[in-house]
Number of protein chains: 4
Amino acid sequence: MPPFSSHNTRASKRHHNRQAILHAARAVFAERGFGGTTVRDIIRRTDLATGTFYNYFDSKDEVFAALNETIGGGLREKLSHARTSALDFQSFVENNYRVYFGYFATHRENYFLMRSNRGREGGNQVMQGPQVQAGVAEMSADIRQAIAAGVLPAMDADYLAASLAGIAFGVLDIMMERDPIDPEAATLFATHLAIYGIGGLSQMRKDKGED
Amino acid sequence: MPPFSSHNTRASKRHHNRQAILHAARAVFAERGFGGTTVRDIIRRTDLATGTFYNYFDSKDEVFAALNETIGGGLREKLSHARTSALDFQSFVENNYRVYFGYFATHRENYFLMRSNRGREGGNQVMQGPQVQAGVAEMSADIRQAIAAGVLPAMDADYLAASLAGIAFGVLDIMMERDPIDPEAATLFATHLAIYGIGGLSQMRKDKGED
Amino acid sequence: MPPFSSHNTRASKRHHNRQAILHAARAVFAERGFGGTTVRDIIRRTDLATGTFYNYFDSKDEVFAALNETIGGGLREKLSHARTSALDFQSFVENNYRVYFGYFATHRENYFLMRSNRGREGGNQVMQGPQVQAGVAEMSADIRQAIAAGVLPAMDADYLAASLAGIAFGVLDIMMERDPIDPEAATLFATHLAIYGIGGLSQMRKDKGED
Amino acid sequence: MPPFSSHNTRASKRHHNRQAILHAARAVFAERGFGGTTVRDIIRRTDLATGTFYNYFDSKDEVFAALNETIGGGLREKLSHARTSALDFQSFVENNYRVYFGYFATHRENYFLMRSNRGREGGNQVMQGPQVQAGVAEMSADIRQAIAAGVLPAMDADYLAASLAGIAFGVLDIMMERDPIDPEAATLFATHLAIYGIGGLSQMRKDKGED
DNA sequence: GATGAATGAGGTTTCATTCAT
DNA sequence: AATGAATGAAACCTCATTCAT
């Protein structure tokens with residue numbers, strides 16, 4: 001046994017290899033999409049051998065899932081933290097957007113990965129990237145709470161949550177195409193649109209009521 | 001000789017087969033996504049033979065394209081018509097949404113197809129389905145016009161167009177999950193959110209200006 | 001019935017179509033070889049339809065055979081005629097070569113066709129093109145006759161016939177690459193080589209006998 | 001564990017499989033020709049799986065090339081060696097033929113392979129089998145040298161080299177049909193024909209000159 | 001007879017996964 | 001645990017030939 005090189009070799013090597021695979025996979029999925037990626041594409045960007053892949057993941061599907069898990073986890077955590085520090089509904093929305101746009105502004109790889117969604121299983125390609133799923137679901141819950149607490153007037157919470165996510169997606173795509181990427185501008189735009197829009201939604205009931 | 005069925009058989013049979021393939025393809029793509037669909041899957045839902053597929057389309061890609069072309073064409077035309085009849089910006093937005101939601105309410109197959117977008121080539125999965133592309137681009141142009149004409153205050157037209165499309169997508173997904181499907185409710189929700197949101201965007205400048 | 005266009009339409013049209021197919025086939029086989037040629041390639045150079053091909057030939061193989069038959073026939077006939085007018089063995093050989101090289105000098109298409117021999121069935125690719133087969137066999141017979149008649153000393157007639165054909169092939173390939181094509185030079189070269197070589201073959205026996 | 005079979009198994013197995021494929025390919029090409037052979041035909045004569053073929057060769061073309069490379073290499077080397085030991089032009093020619101006929105007399109498989117040349121791309125079917133290519137080209141060079149050195153009178157070196165190769169081909173085909181195969185007889189026949197024929201070619205100039 | 005779409009066996013190639021070393 | 005060749009199902013596509021019109 002070599003004297004130094006390995007006081008915790010076993011575990012750390014394992015971790016290192018797993019990370020190497022994830023890293024390579026993220027890049028390839030982003031470039032070629034899920035369907036266009038082969039396991040060999042992934043392993044080729046690594047100094048491992050084909051078979052080794054299956055010591056770490058059971059299938060191509062699984063790396064993809066793990067990847068989304070990882071990324072989704074990071075984003076979800078940040079969003080969650082941002083949310084707790086919100087004092088009112090506007091800052092709730094604004095914080096969400098700021099974290100969201102900021103995250104992708106500093107993690108371009110993940111943006112491209114997110115867009116590479118697999119092309120089978122009729123899953124919603126837009127709102128069901130795992131990362132977004134989380135955000136939408138939690139946001140939807142928060143909205144319901146806000147309505148219950150009287151902070152927001154009664155309105156369709158699912159439509160609203162889906163709309164806020166849709167705005168996020170749309171604006172994100174434009175933001176990422178620009179140079180320089182300006183997440184703050186995107187945040188302000190989305191926030192204004194959303195907040196005033198939400199304001200209008202209370203009108204909706206009145207409009208109806210006043211018929 | 002059957003009395004009707006064959007006054008110009010050759011051409012009509014050809015047309016019939018092409019339709020059969022398109023029909024089958026739409027169903028399979030919707031179920032399994034582009035990547036998960038094989039040409040055999042398509043042809044199996046047909047009473048044609050494998051080779052016949054290639055008399056009508058050169059590849060899987062091509063059916064997919066033709067399908068989107070067809071669908072996109074239909075929707076685009078309707079949207080275009082709706083737009084010309086708009087008297088003010090609110091009805092412009094409202095008509096767009098009404099046509100959009102109404103279209104998918106009565107064409108569920110196409111909704112599922114639209115969500116099956118292929119999973120390779122890093123194309124935007126959300127906003128670049130051919131159908132939507134058209135809508136967004138034209139909407140973006142119309143918004144610029146409206147700004148130039150003074151109907152709308154100066155604002156980021158690309159962000160806005162992308163947001164309006166994002167809202168459409170988000171709301172559509174929720175709408176399609178409900179029973180009964182209520183496109184009018186979706187239209188009103190999206191319209192209110194958008195119109196008031198847009199109203200708020202002018203505030204944005206002022207907010208900034210008043211610093 | 002149209003007044004002029006067709007006093008013997010039926011038969012002549014049939015002949016015309018057959019010729020059209022043969023003509024097209026010759027060109028395509030020459031370009032792409034037998035294996036690389038599809039029936040559709042052939043028919044595409046024609047104003048006929050796929051199915052019509054099978055009114056004239058039973059298979060791809062058969063056109064190929066007919067083509068070789070036609071060409072071989074032409075060449076064989078010319079060779080045969082040349083042979084009857086030979087007064088001695090030298091002019092027998094010389095006439096053969098002159099006709100052979102002259103034929104391809106004025107029928108380049110057939111030269112290329114001849115080289116496009118099919119690539120299946122382990123048939124000899126060199127000496128068994130149908131055209132050559134004929135020549136070699138007949139030449140072999142003539143050589144035996146010459147030996148029997150005492151015009152030539154005893155020697156291996158099959159080896160000799162094969163060699164004469166081999167020379168023809170080798171020289172032909174070089175000749176066809178040159179510009180201008182000079183069949184007379186080729187004829188003289190091949191004739192000299194052959195005649196003097198044959199002269200040497202009698203020595204062979206003597207060499208052996210004198211051991 | 002078997003005592004011998006596996007001291008460096010990995011590499012040796014790889015080599016073994018490659019050989020197995022080449023061996024099978026040679027047999028099938030010889031039987032059916034290039035065009036008539038499918039990759040499946042080859043792999044079927046092996047205990048390997050379809051996909052394995054593509055671990056060793058990229059395509060049918062490539063096995064064929066490798067095969068010719070191997071064979072051509074062997075023959076070329078022998079011919080080259082034979083040539084260096086030639087003292088005069090006659091022994092140069094004689095050695096060439098002896099090696100050539102001797103080679104195929106003891107490698108029947110390769111004879112049949114050589115005749116199976118592919119049937120597409122208008123390549124010369126006769127003189128351009130890789131093996132022969134080498135011989136002809138080198139022979140052509142040697143002839144030019146001999147002419148330059150005054151060993152041979154001026155004559156058309158390309159025609160001559162092609163003719164010598166043509167004789168080899170023609171005689172070989174007859175030789176291989178006989179039982180027993182007698183390469184020495186073939187060698188002597190071809191040599192006599194060639195040497196005396198070449199002698200006659202000098203006459204050609206004179207004939208012309210004396211006009 | 002002419003047409004040209006339909007047929008379907010069969011060819012080449014890819015690739016997720018297994019497995020012997 | 002790592003390796004990387006082997007596997008073989010399955011994908012895409014071609015094309016000689018048939019057949020209804």
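Residue numbers begin at 1 in each chain, while the letters A, B, ... track the order of the sequences.
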In whole angstroms, the gap separating P of E:dT13 from CG of D:Asp58 amounts to 9 Å

Ranking B:Phe53 and A:Ser59 by the position along DNA chain E of their nearest nucleotide, the one closer to 5' is B:Phe53

| query | Does any non-hydrogen side-chain atom of C:Phe34 lie less than 4.5 Å from one of C:Asp61? | reply | yes

Sorted by chain and residue number, the side chain to side chain contact (heavy atoms under 4.5 Å, CB included) partners of B:Thr70 (sequence neighbours excluded) come out as none

Residue pairs passing the side-chain hydrogen bond (donor to acceptor under 3.5 Å, both in side chains) test with at least one member in residues 15-30 of chain A, sequence neighbours excluded, are A:Asn17-A:Tyr56, A:Arg26-A:Asn110

Quiz item: Would you say the side chain of A:Ile42 lies within less than 4.5 Å of the side chain of A:Phe57, judging by non-hydrogen atoms?
Solution: no

With sequence neighbours left out, the residues meeting side chain to side chain contact (heavy atoms under 4.5 Å, CB included) with C:Thr38 are C:Arg40, C:Asp41

To the nearest angstrom, the CG-P distance between B:Asn55 and E:dT3 comes to 18 Å

For A:Ala24 and A:Thr46, the nearest pair of non-hydrogen atoms, with its separation, is CB-OG1, 3.9 Å

Separation between CG (C:Leu67) and CD (C:Glu62), nearest 0.5 Å, reads 12.0 Å

note: C:His16, atom NE2; E:dG1, atom P; distance rounded to Å ~ 17 Å

Dot-bracket assigned to DNA chain E with the 3.5 Å Watson-Crick/G-U criterion, [ ] for crossing and | for other-strand pairs, is .||||||||||||||||||||

From CD of D:Glu62 across to P of E:dT13 the rounded distance in Å is 10 Å

With a 4.0 Å cut-off (strictly under) to non-hydrogen atoms of chain C, the first and last hit nts on DNA chain F, 5' to 3', are F:dC15 to F:dT18

Anything under 3.5 Å between a protein N or O and an N or O of nucleotides 8-11 of chain E, put it in a table, one pair a line.
| residue | atom | partner | partner atom | Å |
| --- | --- | --- | --- | --- |
| E:dG8 | N7 | B:Gly51 | N | 3.2 |

Between B:Phe112 and B:Ala30 the two heavy atoms that sit nearest each other are CB-CB, 3.6 Å

Output for pair (B:Asn55 CG, B:Leu48 CG), nearest 0.5 Å, gives 9.5 Å

In numerical order, the residues of residues 20-27 of chain D whose heavy atoms come under 4.0 Å of DNA chain F are none

Phosphate-side-chain proximity, C:Asn17 and E:dG1, N/O vs OP1/OP2 below 4.0 Å = no

Residues A:Val63 and A:Ala25: closest non-hydrogen pair is CG1-CB, 4.0 Å

message: I want to check something: taking the side chain as every heavy atom from C-beta on, are A:Phe64 and A:Thr37 in contact at a cut-off of under 4.5 Å?
response: no

A:Ile42 CD1 to E:dA16 P, in whole Å, measures 8 Å

Taking for C:Arg14 and for D:Tyr54 the nucleotide of DNA chain E with the nearest heavy atom, the one nearer the 5' end belongs to C:Arg14

dist D:Ile71:CD1 -> D:Tyr111:OH (nearest 0.5 Å) comes out at 13.5 Å

Exercise for review: Taking the side chain as every heavy atom from C-beta outward, state whether B:Lys60 and B:Phe29 have any atom pair closer than 4.5 Å.
Suggested key: yes

Practice problem: Would you classify D:Phe57 as touching base, sugar-phosphate or nothing, given that sugar-phosphate means primed atoms plus P, OP1 and OP2, and contacts are heavy atoms under 4.0 Å? | Solution: nothing

Side chain to side chain contact (heavy atoms under 4.5 Å, CB included) filter on C:Ala27, not counting sequence neighbours, yields C:Arg45

